[in-house]
*Asks:* 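Quick one: the structure is below, questions incoming.
This is a predicted model, so every value here is computed, not measured. For this chain, numbers begin at 1 and follow the sequence in order. Side chains are part of it too, since the values below use all heavy atoms of this structure and drop only hydrogens, waters and symmetry mates.
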Amino acid sequence: MRLLLTTDTHVPKRARHLPAELLAAIDAADVVFHAGDWVDEATLDLLAARSRRLVAVYGNNDGPGLRARLPEVATAEVAGVRFAVVHETGQARGRDERCARQFADADVLVFGHSHIPWDTTAPGGLRLLNPGSPTDRRRQPHCTYMTAVARAGELTDVTLHRLPPRGAADGVQVR
């Protein structure tokens, strides 16, 4: 199963549209994970329409409409791999141990909020993945998203993709 992981899209506040490369990767994925901070419902509608399966949560910048449609925490099993998705995990210090306790029934935790790509394994084996942001790099050198493969209870081929600078690739305007 081909997976796409994204978060913190912030359309239309931080970008007018999603990058074309991200949209193509969504189209190619079997499952899309979005860890919140959509900002508008049109982006949720776009991903829901393009995704074979969407596993998503709301973030701290998402208003009542998105919160009514999405949970704060989502779980899913994909090809024998147990996923949890949440927007915020708190400060980086102690994150691995804290999340391992909070998400003890998961194999992988997908999270966002910081816009900082993250890939670690906590004590006990929980894999923590933050794909960064495809539209707002903040202090990071690139906007990013992740892909991975889930097969027979294993997560493999986790890849962080760097996106071209804004304006270098056309995307789909959400509004």
Side-chain angles (χ1 to χ4, degrees), residues 1-12 14-15 17-62 65-89 103 106-119 127-137 142-151 153-164 169-175:
M1 299 287 283
R2 295 165 300 180
L3 313 178
L4 178 125
L5 291 69
T6 192
T7 187
D8 295 287
T9 45
H10 290 279
V11 172
R14 306 278 171 86
H17 55 78
L18 297 176
E21 180 182 325
L22 177 69
L23 293 170
I26 288 167
D27 293 343
D30 296 304
V31 182
V32 174
F33 293 90
H34 191 298
D37 273 5
W38 304 79
V39 179
D40 73 343
E41 291 184 63
T43 304
L44 171 57
D45 294 339
L46 176 68
L47 264 67
R50 293 183 83 131
S51 302
R52 288 180 185 92
R53 180 179 177 193
L54 177 63
V55 180
V57 299
Y58 67 78
N60 63 301
N61 284 296
D62 295 330
L66 287 160
R67 288 171 186 250
R69 294 175 63 186
L70 297 166
E72 182 177 9
V73 177
T75 59
E77 186 170 322
V78 178
V81 180
R82 300 168 302 162
F83 289 87
V85 184
V86 68
H87 184 63
E88 294 186 62
T89 59
F103 299 98
D107 301 311
V108 179
L109 174 64
V110 180
F111 69 98
H113 188 63
S114 69
H115 299 214
I116 299 170
W118 187 279
D119 182 353
R127 181 99 176 248
L128 287 88
L129 298 174
N130 183 332
S133 171
T135 58
D136 183 16
R137 64 184 181 90
H142 303 279
C143 289
T144 56
Y145 69 95
M146 285 180 172
T147 58
V149 173
R151 182 181 311 122
E154 290 188 54
L155 186 71
T156 62
D157 302 319
V158 176
T159 305
L160 181 68
H161 298 268
R162 295 177 175 175
L163 290 161
D170 293 327
V172 171
Q173 190 149 354
V174 175
R175 293 239 174 241

*Asks:* Under the side chain to side chain donor-acceptor pair (under 3.5 Å) criterion, do T9 and H34 qualify, and how do the steps go?
*Replies:* CA-CA 9 Å; T9 45; H34 191 298; 3.1 Å; yes

*Asks:* T7 and N130: side chain to side chain donor-acceptor pair (under 3.5 Å), yes or no, with the steps?
*Replies:* CA-CA 8 Å; T7 187; N130 183 332; 5.8 Å; no

*Asks:* Yes or no on side-chain contact (heavy atoms from CB on, under 4.5 Å) for V78 and V55, after CA distance, side-chain angles and deciding distance?
*Replies:* CA-CA 11 Å; V78 178; V55 180; 5.8 Å; no

*Asks:* Locate the shortest heavy-atom distance separating V32 from I26; write the atom from each residue and the value.
*Replies:*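 For V32 versus I26, the nearest heavy atoms are CG2-CG2, 3.9 Å.
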
*Asks:* Do D30 and L3 have side chains that get closer than 4.5 Å, going by heavy atoms?
*Replies:*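 The answer is no, as the side chains (C-beta and beyond) never meet within the 4.5 Å cut-off.
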
*Asks:* With a cut-off of 6.0 Å (strictly less than), are more than 12 heavy atoms of other residues, nucleotides or ligands near CZ of R151?
*Replies:*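 No - once you tally the heavy atoms of other residues, nucleotides and ligands closer than 6.0 Å, there are 12 at most.
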
*Asks:* Of the non-hydrogen atoms in L160 and M146, which two are nearest, and what is the gap between them?
*Replies:*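 Heavy atoms only, the tightest pair is CD1-CG, 3.9 Å.
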
*Asks:* Yes or no on side-chain contact (heavy atoms from CB on, under 4.5 Å) for V86 and F103, after CA distance, side-chain angles and deciding distance?
*Replies:* CA-CA 10 Å; V86 68; F103 299 98; 3.9 Å; yes

*Asks:* Donor-acceptor pair, T144 side chain versus P131 backbone, under 3.5 Å?
*Replies:*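 Present.
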
*Asks:* Between atom CG of L22 and atom NE2 of H17, what is the distance when rounded to the nearest 0.5 Å?
*Replies:*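 The NE2 atom of H17 is 12.0 Å from CG of L22, to the nearest 0.5 Å.
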
*Asks:* Do R52 side-chain atoms and D27 backbone N/O form a donor-acceptor pair below 3.5 Å?
*Replies:*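 Yes; judged by distance alone, with no hydrogens or angles, the pair exists.
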
*Asks:* Keeping the roles fixed (side chain from T75, backbone from A84), state whether a donor-acceptor pair exists under 3.5 Å.
*Replies:*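 Such a contact is absent between T75 side chain and A84 backbone.
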
*Asks:* May I ask you to decide whether R127 forms a salt bridge with D119, counting only side-chain N to carboxylate O separations under 4.0 Å?
*Replies:*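 Here R127 pairs with D119 in a salt bridge, since their nearest N and O are under 4.0 Å apart.
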
*Asks:* Compute the ring centroids of H115 and H10, then answer whether they are less than 6.0 Å apart.
*Replies:*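 When the ring centroids of H115 and H10 are compared, they turn out to be within the sub-6.0 Å range.
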
*Asks:* Working to the nearest 0.5 angstrom, can you tell me the gap between T159 OG1 and Y145 OH?
*Replies:*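 Going from the OG1 atom of T159 to the OH atom of Y145 covers 9.5 Å.
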
*Asks:* Atom CG of L128 and atom OG1 of T89: how far apart are they, to the nearest 0.5 Å?
*Replies:*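 One finds 7.0 Å between CG of L128 and OG1 of T89.
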
*Asks:* For a quick test of reading the model, state the closest non-hydrogen atom pair linking D8 to P134 and the distance between them.
*Replies:*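 So the two residues come closest at O-CD, 4.1 Å.
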
*Asks:* Just distance, no hydrogens or angles: give the donor-acceptor pairs under 3.5 Å from side chains in residues 67-74, sequence neighbours left out.
*Replies:*
{"residue": "R67", "atom": "NE", "partner": "D62", "partner atom": "O", "Å": "2.6"}
{"residue": "R67", "atom": "NH2", "partner": "G59", "partner atom": "O", "Å": "3.3"}
{"residue": "R69", "atom": "NH1", "partner": "E41", "partner atom": "OE1", "Å": "3.0"}
{"residue": "R69", "atom": "NH1", "partner": "D45", "partner atom": "OD1", "Å": "3.0"}
{"residue": "R69", "atom": "NH2", "partner": "D45", "partner atom": "OD1", "Å": "2.7"}

*Asks:* Test H113 against E88 for side-chain contact (heavy atoms from CB on, under 4.5 Å), laying out the working first.
*Replies:* CA-CA 6 Å; H113 188 63; E88 294 186 62; 3.5 Å; yes

*Asks:* Return yes if some donor-acceptor pair links the side-chain N/O of D37 with the main-chain N/O of N60 below 3.5 Å, else return no.
*Replies:*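 Yes; at least one donor-acceptor contact below 3.5 Å.
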
*Asks:* Can you name the nearest heavy-atom pair linking P164 to E21, along with the distance?
*Replies:*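 Heavy atoms of P164 and E21 come nearest at CD-OE1, 3.9 Å.
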
*Asks:* For A148 versus V158, what's the shortest heavy-atom pair and its separation?
*Replies:*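 That closest heavy-atom pairing would be CB-CG2, 3.9 Å.
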
*Asks:* Between W38 (side chain) and V57 (backbone), is there a donor-acceptor pair under 3.5 Å?
*Replies:*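 Yes, the answer is positive, given that a donor and an acceptor are paired below the 3.5 Å cut-off.
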
*Asks:* On a heavy-atom basis, which atom in L155 and which in V81 lie closest, and how many Å separate them?
*Replies:*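 In this case the closest contact between L155 and V81 is N-CG2, 4.1 Å.
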
*Asks:* So do L18 and T6 actually touch side chain to side chain, heavy atoms under 4.5 Å?
*Replies:*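 Not touching, per the 4.5 Å side-chain cut-off.
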
*Asks:* Any donor and acceptor pair, going by atom type alone, linking the side chain of S133 with main-chain N or O of T135 inside 3.5 Å?
*Replies:*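 Answer holds: yes.
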
*Asks:* When you measure from the side chain of R162 to the backbone N and O of C143, does any donor-acceptor pair fall under 3.5 Å?
*Replies:*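 No; judged by distance alone, with no hydrogens or angles, the pair does not exist.
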
*Asks:* Is T147 close to D157 at the side-chain level, that is, under 4.5 Å between some pair of heavy atoms?
*Replies:*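 The answer is no, as the side chains (C-beta and beyond) never meet within the 4.5 Å cut-off.
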
*Asks:* Is the shortest heavy-atom distance from the side chain of V85 to the side chain of F111 under 4.5 Å?
*Replies:*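 Counting from C-beta outward, V85 and F111 never come under 4.5 Å.
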
